[in-house]
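For reference, the structure is listed below as structure tokens.
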Amino acid sequence: PAEGQKLSPNDPMAKSLHYVEDASKAKRPPREGTPGEQQFCHNCKFLQAGEGEWRPCSIFGGKLVSVNGWCSSWLKAG
Ligand code: SF4
């Protein structure tokens with residue numbers, strides 16, 4: 001995807017929600033029974049439909065996030 005479509009980890013809101021493109025680099029507290037190490041954008045309810053490694057996130061206005069990323073708004077999909 002074009003750089004402008006991707007959410008920058010330096011974006012102020014991304015920073016405030018501790019967004020990272022590599023979830024393993026984040027401190028992920030357990031949430032609703034899901035251990036941190038099982039939390040990724042690809043199993044977050046806010047990730048929108050798409051294909052490939054970069055998909056839109058509704059929390060970030062449809063900017064593309066890495067399916068292997070994470071932020072502190074994570075909630076289990078489904
Ligand atoms: Fe990833 Fe979910 Fe945060 Fe969006 S809200 S960046 S999909 S963890």
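All ligand and atom numbering here is 1-based and tracks the order in the structure. When reading the values below, keep in mind they use all heavy atoms of this one structure, side chains included, and skip hydrogens, waters and symmetry mates. Just so it is clear, the structure is predicted and the values come from calculations on it, not from any experiment.
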Arg31 side-chain N/O to Trp74 backbone N/O, donor-acceptor pair under 3.5 Å: yes

Side-chain donor-acceptor contact under 3.5 Å, Trp70 with Gln39: yes

Residue-atom pairs from the protein, N, O or S only, that lie under 2.8 Å from atom 4 (Fe) of ligand 1: Cys57 SG

Side chain to side chain contact (heavy atoms under 4.5 Å, CB included) assessment of Tyr19 paired with Leu7: CA-CA 9 Å; Tyr19 168 73; Leu7 175 65; 3.7 Å; yes

Pair Glu21-Val65, side chain to side chain contact (heavy atoms under 4.5 Å, CB included): steps then yes or no: CA-CA 7 Å; Glu21 294 179 345; Val65 298; over 6 Å; no

Trace of the side chain to side chain contact (heavy atoms under 4.5 Å, CB included) decision for Lys76 with Asn43: CA-CA 6 Å; Lys76 192 172 184 173; Asn43 61 7; 5.9 Å; no

By side-chain contact (heavy atoms from CB on, under 4.5 Å) - contacts of Pro30 (at least two apart): none

